[in-house]
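A, B, ... follow the sequence lines: proteins, then strands. Residue 1 opens every chain.
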Number of protein chains: 2
Amino acid sequence: MFLSKTTTYAIRILIFMATDEQPLFSAQYLFEKLNISNRYLRRLLTDLTKHGFITSLRGRNGGFVFARKMDSIFLSEIIEAVEGFNLLETCIMGRTDCKLSPVCAMHGSWLEIRDNMKKTFSLTSLQDIKNSSTT
Amino acid sequence: MFLSKTTTYAIRILIFMATDEQPLFSAQYLFEKLNISNRYLRRLLTDLTKHGFITSLRGRNGGFVFARKMDSIFLSEIIEAVEGFNLLETCIMGRTDCKLSPVCAMHGSWLEIRDNMKKTFSLTSLQDIKNSSTT
DNA sequence: CATAAATACTACCTTGATGTATTATTTTTT
DNA sequence: AAAAAATAATACATCAAGGTAGTATTTATG
């Protein structure tokens, strides 16, 4: 898989929140809608809160809302926040130094692919996804 | 990481064998040249043998040689053999059914990237890599 | 034929990602 | 003030990928 399970969860949560019109999302509600294990989902929600994508409201009637405008949250940012390192900068062969040939002979062809991917992820915001899904 | 460690090992082994001119490669020799743990490397060599990329010669003075011409071995084949499933066909979100919006709202942009990647991997053979590295 | 040097097989160990359980904290409602 | 309903924090459990160890098998060489 190209993205870790956790990263795909994070993206799915935020995309769902972006497209489902609700003033507030409780963890319970998100659990019922998305197919992510309850406890793990809650932990991820806390993570996303710490990363500043959403804000948590504690206490009775609490839940989660977007902390920023959806058109300012790009897929690349979500991916990098959750993966914990700059995934889109890495060599496909997992090397930190890509100078060596033939060890990293894939480097040339990979660079093109990676830049293409990076461009797409950096230009696609949650708002864009919302727009294209409602159309 | 976009490819598993094991897959990058497999690719590195075969690229090394393609570029280093030797009539026969012993596991010991490959271990000294590549930076892959000894035992795991040997297991991978057996795997690559079973997948038909290389042939093993047992007994004293044994080792490994290519089982097929290098211009018939494409990166896509190596990746799919080692990953054990058709990685390049999968959805970036790890879903088997990508019909649902907004759950898989990334599908559109991903398709383009994936096809691009698939094309590159399907068109690049070990021979190509050898040619480009000696030039 | 015995030994050395190579690969093959099988089982176990380690580690990180994912998932679960328990308890603590916060806030609203009565 | 007490209870209810929400998130937060911490620790533990599970599983698969990656790595290690020991033994078996094969073949060349003296």
(message) Less than 4.0 angstrom between a side-chain N/O of A:Thr6 and OP1 or OP2 of C:dT18, yes or no?
(response) yes
(request) Answer yes if A:Phe64 and A:Leu57 sit in the same cluster of Ile, Leu, Val, Met, Phe, Trp and Tyr residues linked by side chain heavy atoms under 4.5 Å apart, and no otherwise. (result) no
(request) Can you measure from CG (B:Leu126) to CG (B:Asn131) and round to the nearest 0.5 angstrom? (result) 11.0 Å
(message) Between A:Glu80 and A:Lys118, does any NZ, NE, NH1 or NH2 come within less than 4.0 Å of an OD or OE carboxylate oxygen?
(response) no
(request) In whole angstrom, give the distance that lies between atom CG of A:Leu24 and atom P of C:dT28. (result) 12 Å
(request) Would you mind reading off the distance between B:Phe25 atom CZ and C:dT7 atom C1', rounded to a whole angstrom? (result) 17 Å
(request) Take the angle between the ring planes of A:Phe25 and A:Phe16 and call it parallel below 30°, perpendicular above 60°, tilted in between. (result) perpendicular
(request) On DNA chain D, reading 5' to 3', which nucleotide is the first and which the last to sit with an atom under 4.0 Å from a heavy atom of chain B, could you check? (result) D:dG18 to D:dT29
(message) At a heavy-atom distance below 4.0 Å, what parts of residues 51-63 of chain B sit against DNA chain C?
(response) B:Ser56, B:Leu57, B:Arg58, B:Gly59, B:Arg60, B:Gly62, B:Gly63
(request) Would you indicate whether the side-chain heavy atoms of A:Ile11 and A:Leu75 approach each other to under 4.5 Å? (result) yes
(message) At a heavy-atom distance below 4.0 Å, what parts of residues 36-46 of chain B sit against DNA chain D?
(response) B:Ser37, B:Arg39, B:Tyr40, B:Arg43
(request) Enter the distance from A:Leu48:CG to A:Arg43:CZ here, rounded to the nearest 0.5 Å. (result) 12.5 Å
(message) Rounded to whole Å, how long is the line connecting atom CZ of B:Phe31 with atom P of C:dA5?
(response) 18 Å
(message) For A:Ser125, is there any backbone N or O sitting under 3.5 Å from a side-chain donor or acceptor partner on A:Asp128?
(response) yes
(request) Find the distance A:Leu3:CG to C:dA17:C1' and express it as a whole number of Å. (result) 15 Å
(request) Mind checking the CD1-CD1 spacing from A:Ile15 to A:Ile129? Nearest 0.5 Å is all I need. (result) 4.0 Å
(message) I'd like to know if A:Tyr29 and A:Leu41 are part of one continuous hydrophobic network [Ile/Leu/Val/Met/Phe/Trp/Tyr, side-chain heavy atoms within less than 4.5 Å].
(response) yes
(message) As an exercise, state the distance from CG of A:Asn38 to CD of A:Gln28, rounded to the nearest 0.5 Å.
(response) 6.0 Å
(message) Hydrophobic cluster membership, with links at side-chain heavy-atom distances under 4.5 Å among I/L/V/M/F/W/Y: are A:Phe74 and A:Met70 in one?
(response) no
